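Written below as structure tokens is the structure these notes are about.
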2 protein chains.
Amino acid sequence: MKKSRTTITEIANQLGVSPSTVSRALNDHPAISKKTKKAVVKLARKLNYQPNLLALNLLKNKTNTIGVVVPEITSYFFSSVINGIQDMVNPLGVNMIISQSNESYEEEKNIIQTFTSIRVDGFLISPSSETKNFGHLKILTDNNIPLVIFDRDCEGIEVDKVFVDEYNGAFQAVEHLIQTGCKRVAHIAGQQTLSTARHRLKGYKDALSKYNIPVNEKYIVESCGFAPEHGIDPTKKLLALPNPPDAIFTINDGVAIGAMYAIKEAGITIPEEISVIGFDDDPHSSFFKPSLSTVWQPTYEMGVLAARFLMRRINASNEISSFRIETLLPELVVRGSSR
Amino acid sequence: MKKSRTTITEIANQLGVSPSTVSRALNDHPAISKKTKKAVVKLARKLNYQPNLLALNLLKNKTNTIGVVVPEITSYFFSSVINGIQDMVNPLGVNMIISQSNESYEEEKNIIQTFTSIRVDGFLISPSSETKNFGHLKILTDNNIPLVIFDRDCEGIEVDKVFVDEYNGAFQAVEHLIQTGCKRVAHIAGQQTLSTARHRLKGYKDALSKYNIPVNEKYIVESCGFAPEHGIDPTKKLLALPNPPDAIFTINDGVAIGAMYAIKEAGITIPEEISVIGFDDDPHSSFFKPSLSTVWQPTYEMGVLAARFLMRRINASNEISSFRIETLLPELVVRGSSR
DNA sequence: CTTTTTTATGCAAACCTTTGCATAAAGTTT
DNA sequence: AAACTTTATGCAAAGGTTTGCATAAAAAAG
């Protein structure tokens, strides 16, 4: 029973004019008389005409759709970046199609392949932790498909990029720990394939150096993920050291939550015996006891900015030569888990 | 420099055959000779031919895209439903385009309007808490656009639906509280526009009745959202009662987390003096101290099932008469916040 | 009343692919 | 050798819209 939706030709027939006239009338073309315009618009409204975007897409070779590829969608971090993207892009009549790589290089490649074949106008990508080879991204740039990378860097791919100053955030966090009297600051690091994890580690080390504290490799443990359960084992390892740390700076809030759990389990008090500080400012963080000190990241803003960069590329008919790299500032949020 | 991608016509010209032959060869049509097929396929591969899906979409009047409308994406609940949808739909070559209503009726209407105009093949919708009027959904069904409603019901709209048995989950939770010795069980309810919230409230009341406990309206407080901060005030209100509750069943884990925070703040012990039980089984829940008892919902499965229903509708050329309503079973997860 | 200018509209191509029908060439049957 | 069947390919339409160019009609100028 699906009655086909009204087309421009239908309006044209009913009015006894040609489709081109209808098209021009609806687009307010100057060469169409006022009477015709009025008649067309009226009938179009009456028949509830809606332009067939599929036809438009084919003609313009443009989909008004951007592809967003993130490692996962369930984390607060990425879902709030997506919020920013959506809010930037929707008012422009652009839609986003999202897919998760689940931190898998293969899946990431497939997604990009799929999105390319449905001809998204551009890509917004944060690579998976498995991704070391950037050939799939190179194909995009080689084919002049607009691409913006955010949060996690892909060294060697020259495109617009938006990051958070991870180094600065980590430095602030560790400096705060030292200034509040912690002597043995440990770090539960993230997978070192990730630029973000590397920069935070660097920030940690440099902050120690600034205060002439030697870097103790025993105090650096790598977690294999970002969820609370990934914080448990590294924390136990740290607590079991002959000279256990009196502060732990973790790669993110998820891991910090796991760390706090393990610490409490061991009967150690936070922050009196051990300070803990995370990264991300997950909305849950302030409701733990003690509430989690952390480093807030401008996630929403990152989404907005990345989307803005992408739209600029998409709308630039002529090549824009220089690539922009923007680094946003995080902020230390001191709560109850640090002194 | 954007070299236009290779088309079927290009291959045809290079091979001195017609485009139709190329099309048929690539689609393995029986009426094409083996030699021609081989030649076409070889050249297509060499030129890295990829069919123009835009043209296909126009021709078939189908986009292989489904529209997913959720209240928000940052909650674990909806993001894991989306996970299920994606995993069901991607292997079928179908993409999903997601948008958030932010619990706003207006935004929800706009999203549906937009998705309709880009001609998604079908809709997967969980309405906003503001949505009381379902005219915008009626338009979809009137126009025979496939639609599946999940989690939150829209009474009066006759389509396939997938729910969780909220009543059952709430009943289990409250029964558990009663059976572990709680005498004064309170409920922080959700906004009563939501079917889910209404069913949970009903489950709460009926469980009390089963044990001949009168329903005390003072023990029922409505929260205005699902985040931890929305649990604080209702909890304070309950604790300030002359005869405060010894158990609180909350609309979801977010609110439960806020409730636990307020309770600890008041110096009351969990679960000795007050038991707390949530709903959702958010991954953070087990890492609180005490860990949060809750009701697990099959979110991923709900996404998969809703997507399956939708794909069935989309692929059914002939009308399927009867609508399916599936209700999935939640499970009580007892942890440390209840006795 | 011509000729020129302006104004309003239509034609047809383009975007790319699929597919029913027609047709040419080859092969088979009488 | 004529009639028929099979096989392989091409033509053209369809899907809906935009747009350069042509053109008809009307208005202005001479």
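Protein chains get the first letters and strands the later ones, always in sequence-line order, with residue 1 at the start of each. What you see is a predicted model; the values in this text were computed from it and never measured.
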- prompt: Does the base of D:dG15 carry an N or O that pairs as donor and acceptor with the side chain of A:Arg5 under 3.5 Å?
  reply: no
Hey, is NZ on A:Lys46 packed in by over 12 heavy atoms from elsewhere, all under 6.0 Å?
no
B:Lys62 atom NZ is separated from D:dA14 atom C1', nearest whole Å, by 19 Å
- Task: Could you walk me through whether B:Glu326 and B:Arg324 pass salt bridge (Lys or Arg N to Asp or Glu O under 4.0 Å), step by step?
- Result: CA-CA 6 Å; B:Glu326 191 85 31; B:Arg324 275 184 72 175; 3.3 Å; yes
Rounded to 10°, the helix from C:dC1-D:dG30 to C:dT30-D:dA1 deviates from straight, judged by its five-pair end axes, by 70°
Of B:Pro19 and A:Ile8, the one whose nearest nucleotide on DNA chain D sits closer to the 5' end is B:Pro19
Rounded to whole Å, the CG-P distance (B:Leu54 to C:dA14) equals 19 Å
Of D:dT17, C:dA8, C:dC11, the nucleotide closest to the side chain of A:Thr7 is D:dT17
Q. Does the D:dC11 base have a donor-acceptor partner in the side chain of B:Ser20 within less than 3.5 Å?
A. yes
Side-chain donor/acceptor of B:Thr9 to backbone N/O of B:Pro19, under 3.5 Å:
no
Partner of B:Leu92 under side-chain contact (heavy atoms from CB on, under 4.5 Å), picked from B:Asn95, B:Asn90, B:Val94, is B:Val94
Query raised in the report: Donor-acceptor pair under 3.5 Å: do we get one between B:Arg24's side chain and the base of C:dG20?
Result: yes
Testing D:dT17, C:dC16, C:dT9 for proximity to the side chain of A:Thr21, the answer is C:dT9
A:Lys38 atom NZ is separated from C:dA8 atom C1', nearest whole Å, by 17 Å
What nucleic acid atoms does A:Asn27 come within less than 4.0 Å of, heavy atoms only: base, sugar-phosphate, or nothing? sugar-phosphate
Side-chain contact check for B:Ala55: nearest option of C:dC16, D:dG16, C:dG10 is C:dC16
Value for OG (A:Ser20) from CZ (A:Arg24), rounded to nearest 0.5 Å, stands at 5.0 Å
From CG of A:Leu15 across to C1' of C:dA8 the rounded distance in Å is 15 Å
Check: Can you find a side chain N or O atom of B:Tyr49 that sits less than 4.0 Å from OP1 or OP2 on C:dT17?
Finding: yes
- Item | B:Ser18 side-chain N/O to D:dT9 phosphate OP1/OP2 under 4.0 Å | no
Separation of D:dG16 atom C1' from B:Ile118 atom CD1, nearest Å, is 17 Å
Open item on the list: Mind checking if A:Ser33 touches a base, just sugar-phosphate, or nothing, with heavy atoms under 4.0 Å?
Closed with: sugar-phosphate
Practice item. Just call it for A:Leu59: base, sugar-phosphate, or nothing, with non-hydrogen atoms closer than 4.0 Å on any strand. Key: base
d(B:Leu53 CG, B:Asn64 CG) to nearest 0.5 Å is 8.0 Å
- [ ] Quick one: label A:Leu58 by what it contacts on the DNA or RNA (base, sugar-phosphate, nothing), any heavy atom closer than 4.0 Å.
- [x] base
Is the backbone N or O of B:Val164 less than 3.5 Å from a side-chain atom of B:Thr327, with the two atoms forming a donor-acceptor pair by type?
no
note: B:Ile32, atom CD1; D:dA8, atom P; distance rounded to Å ~ 8 Å
Closest to the side chain of B:Thr9, out of C:dT17, D:dT19, C:dG10, is C:dT17
A:Leu26 CG to D:dT18 P, in whole Å, measures 8 Å
Q | NZ/NE/NH1/NH2 to OD/OE distance under 4.0 Å, B:Glu130 and B:Arg152 | A | no
Between CG of B:Leu53 and C1' of C:dT17 the distance, given in whole Å, is 11 Å
Which is true for A:Asn61 with a 4.0 Å heavy-atom rule: it touches a base, it touches only sugar-phosphate, or it touches nothing?
nothing
